[in-house]
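Residue numbering restarts at 1 for every chain, and letters A, B, ... go by the order of the sequence lines. All heavy atoms count here, side chains included; hydrogens, waters and symmetry mates do not.
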Amino acid sequence: MSEVIHADHHDDHDHGPEKGLLRWLYTTNHKDIGTLYLWFSFAMFLVGGVLALVIRAELFQPGLQFVEPEFFNQMTTNHGLIMVFGAIMPAFVGLANWLIPMQVGAPDMALPRMNNLSFWILPFAFGMMISTLFMEGGGPNFGWTFYAPLSTTYAPDSVTYFIFAVHLMGASSIMGSINIIATILNMRAPGMTLMKMPLFVWTWLITAYLLIAVMPVLAGAVTMMLFDIHFNTSFFNAAGGGDPVMFQHIFWFFGHPEVYIMILPAFGIVSHIIATFARKPLFGYSSMVYAVASIAFLSFIVWAHHMFTVGMPLAGQLFFMYSTMLIAVPTGVKVFNWIATMWRGSMTFETPMLFAIAFVVLFTMGGFSGLMLAITPVDYQYHDTYFVVAHFHYVLVPGALFSIIAAVYFWIPKWTGKMYNESLGKLHFWLSFIGVNITFFPQHFSGLAGMPRRIPDYALQFADFNMLSSIGAFIFGFSQLVFLYVLIHTIRSGKPAEGRAWEGAKGLEWTLPSPAPYHSFTHPPKVTDAEVQG
Amino acid sequence: MKKTILQFASGIALIGWALIVQADELNLRPGVTDISREVYDLHMLILGICVAIGVVVFGVLFWSVYAHRKSRGQEAAQFHHNTYLEILWTIVPTIILVLMAIPSTQVLIAMYDTGGEDMTVEVRGYQWKWQYKYLDEDYNRTFSFFSNLATPRSQINNRQVKTDTYLLEVDRPLKIPANRKVRFLITAEDVIHAWWVPDFGIKRDAVPGVVNDLWTIVPEPGVYRGQCTELCGKDHGFMPIVVEVLPEAEFDAWYASQASTEVVKAESFGETFTHEQLMAKGEEIYGTYCAACHLADGQGIPPAFPAIAGSAVAMGPRDDHLRLVIDGVAGSAMQAFGKQLDPVELASVVHFQRHSFGNDAGDISQPADVVNLSGGQ
């Protein structure tokens, strides 16, 4: 049936985008929407980065220099919220939009109008959230985890805008996920069975289910906050019979799957890149799929490891310690598979490969500190110190973020039809790699020495490491301007790229010309073993 | 040549490891209690295992990066799975994890052994200070006090040289005896805080409406410092914890004197004070309890923290002002100070506010007025 409809519409092959700015407002094309998502997330990344630099400037030396504690708390809170919901997540959705239809051999996403809506909600959500910083009483200042009652009874008035913004982000994510699932399950080219799908598609399929499962939980949490603030309910108010600890259980039931939402698509990306530049098939394809599925399942039963100090009974502590330790097994399998893919390959080290290798090494280091944090009795010493800050920045910055940057370098020839400048790409890599380690490695030490998180001023014994960390942050932050330059330079004056831009690249997207046509596959492509692995 | 490089590298690694083990600034503190030392040993064990795995895994990775590159003329192999290898690297990590879980479980069980205490102290978190209540055998309060940051604003604002205990010093430290099992009941008045003394190896969240418990036995008398470790608002970074561990006899003497001062203090509630006495006492209390939000010049940070200078409350009826300070304002950051300050302190701080920052109410507040208003408590 769908074949027939397709045939009817496919006479106008050069049907391209509309002209002018309205193209971007009305577009239902997966590539346009992917581009919007990616530029939006890059803009949010720069905004969140500026907030991070305000934090690091204040922490350069002990004492209060630039900002007041009240404003400092708004910086840490909004830095976290913007990076998680505005930079990392939309970037992955943007990559999904660009790549999934091309990788499964479809012409576009399954639900193009909803796709437009799910993007265009975001600028309004973030516009509203960021505008609270300029309101009387200031913006959210209770940490990105917004624990009640600091975020309810004791919150600034602007918290209601924050709640509405979170609702909008959730709606956008859920729509994006439904679209991705519908596309993957219904629009694969004939012959592309589930166990032949590229890993990026697999990881996003699982991620999308996680999003649909947990975004409503977050919406529930903020709705209860709204009721506590405006309608005198007492969900989280102990004086009215509520329980502040319940907030944390609900939040982390969302929050732990959320952190895997930010890393599973990265696993997919890195698998493609390492196999390509090793010029070898990915090692252990099916165990990769099972490992991602296991990690996703485990993510639902480990949430209280964020709450070891909240005062749970011994049996609860033990359960969450054991289940958390278990995550190391499938994660280890993935790391071993990547190394086995590299083993006896014929490797070259273009920019995407450099970022991918840095991902494997630095993400694994974040994994090690994660394993240490899983050990409950020791976690008491680490909890809410800079050791935790170092841990999650290692998995999110050289983890999730590096994978996104690697993906941009890897697929930009396909998107623009042009090749980036390799020397500038390598310069960007080395500056980022050095900057990220100078920023976050010393934070392990200040955490172990006892420096708590989210403080605008600190005791003198933490001074050296904080200064180092601040220097690194400025190196890392400004080196992202190199990235911006590389992107603009590529789009305006990059050298033309071939259809198969990389020697070892496999996958349906590489069978298309570069730049890819506006409607990816107007006829279902032939799925051959040469292009897909199973 | 290759051998010397290898020796050099392993030498550096060993020195690095020795530095991590020894340097205070680089590693977790072993602390002073049995529990904290067990925690430290566990930390070193897990860290050691992670470093060992890291050396092997990254070693293989970097060898591959070095050897299996196209520029060395390497041909790509085409293998893509090996069932035995995959089973092996699933089972071996599982076994390592089980081996890590055993000592972790033992230490955790030891930490949960809260019974058999010699004395109990209630620790209550407030925005942004700690209250310590010494409880008797029936959990009744014998005496209590607040512990506030003692670092002067001038050091925080870089107008004065910072001392060694910058931000880690308080006006009244918690005092406990050495060698006795002290049980802490941890809770909070307003938002969630967390009470942590790294050298004891204990940390617990202070949650309003929930009472958590912790215990410690400290063999060595001394002064031990920590900080609040749960974001609790504006001055989260400025509510340190200082615990002074006293030899047993010294502690008993201090405890007895504190309990008797409680009685003497209650007698002063009937006295009348002069304007000057109230202003002097009031200024001191204002600096400790009010200035964090309402600022030293009484200008506040509106709208969250209203100004006192020229405010309707400070210029209005005296009893309304007293009541507001005693009962607080529900749903705002203004706490009920009736629970925190005694009548002398309350009367003097209100009197101070009514006669400072350009305010001139022209009346006088006495401890007896506070006692009357708060129902004779």
Can the ring centres of [X] and [Y] be said to be less than 6.0 Å apart?
X        : Y        : result
A:Phe146 : A:Phe247 : yes
B:Trp89  : A:Phe283 : yes
A:Phe387 : A:His444 : yes

Based on non-hydrogen pairs under 4.5 Å, which of [options] is most in contact with chain A?
options                                : result
B:Asp213, B:Val98, B:Val65             : B:Val65
B:Phe238, B:Phe305, B:Phe79, B:Phe62   : B:Phe79
B:Ala194, B:Gly201, B:Gly209, B:Gly226 : B:Gly201
B:Leu97, B:Asn82, B:Ile46, B:Val39     : B:Leu97

Proximity breakdown for [X] and chain B, heavy-atom pairs closer than 4.5 Å:
X        : answer
A:Tyr322 : side chain
A:Tyr147 : side chain
A:Ala275 : neither
A:Leu314 : both

Check whether [X] gets within reach of chain A through its side chain, its backbone, both or neither, counting any heavy atom under 4.5 Å.
X        : answer
B:Ile91  : neither
B:Phe58  : side chain
B:Val210 : side chain
B:Trp196 : side chain
B:Asp205 : both
B:Gln127 : side chain
B:Asp235 : side chain

* To do: Identify whether the distance between the nearest side-chain nitrogen and carboxylate oxygen of A:Glu503 and B:Lys70 falls below 4.0 Å.
  => yes
* Ionic contact status for B:Lys234 with A:Glu70, cut-off 4.0 Å -> no
Looking at [options], which makes the most heavy-atom pairs under 4.5 Å with chain B?
options                                : answer
A:Leu64, A:Val333, A:Ile339            : A:Leu64
A:Phe462, A:Phe142, A:Phe349           : A:Phe349
A:Arg454, A:Met342, A:Gln381, A:Arg279 : A:Gln381

* Within 45° cone of A:Tyr380 ring axis and under 6.0 Å: B:Arg204 NZ or CZ -> yes
* To do: Identify the heavy atoms of A:Pro442 and A:Leu468 that sit nearest to each other, and give their distance.
  => CG-CD2, 3.7 Å
* Structure fact -> Applying side-chain hydrogen bond (donor to acceptor under 3.5 Å, both in side chains) to B:Thr151 and not counting sequence neighbours gives B:Glu169
* **Residue list, side-chain hydrogen bond (donor to acceptor under 3.5 Å, both in side chains) with A:Tyr382, at least two apart or on another chain** => B:His43
* Return the orientation label for the A:Phe359 and A:Trp338 ring planes: parallel under 30°, perpendicular over 60°, tilted otherwise. => perpendicular
* Asked: Between B:Ser104 and B:Leu42, does a side-chain contact (heavy atoms from CB on, under 4.5 Å) hold up when you go through it step by step?
  -> CA-CA 7 Å; B:Ser104 311; B:Leu42 193 55; 3.9 Å; yes
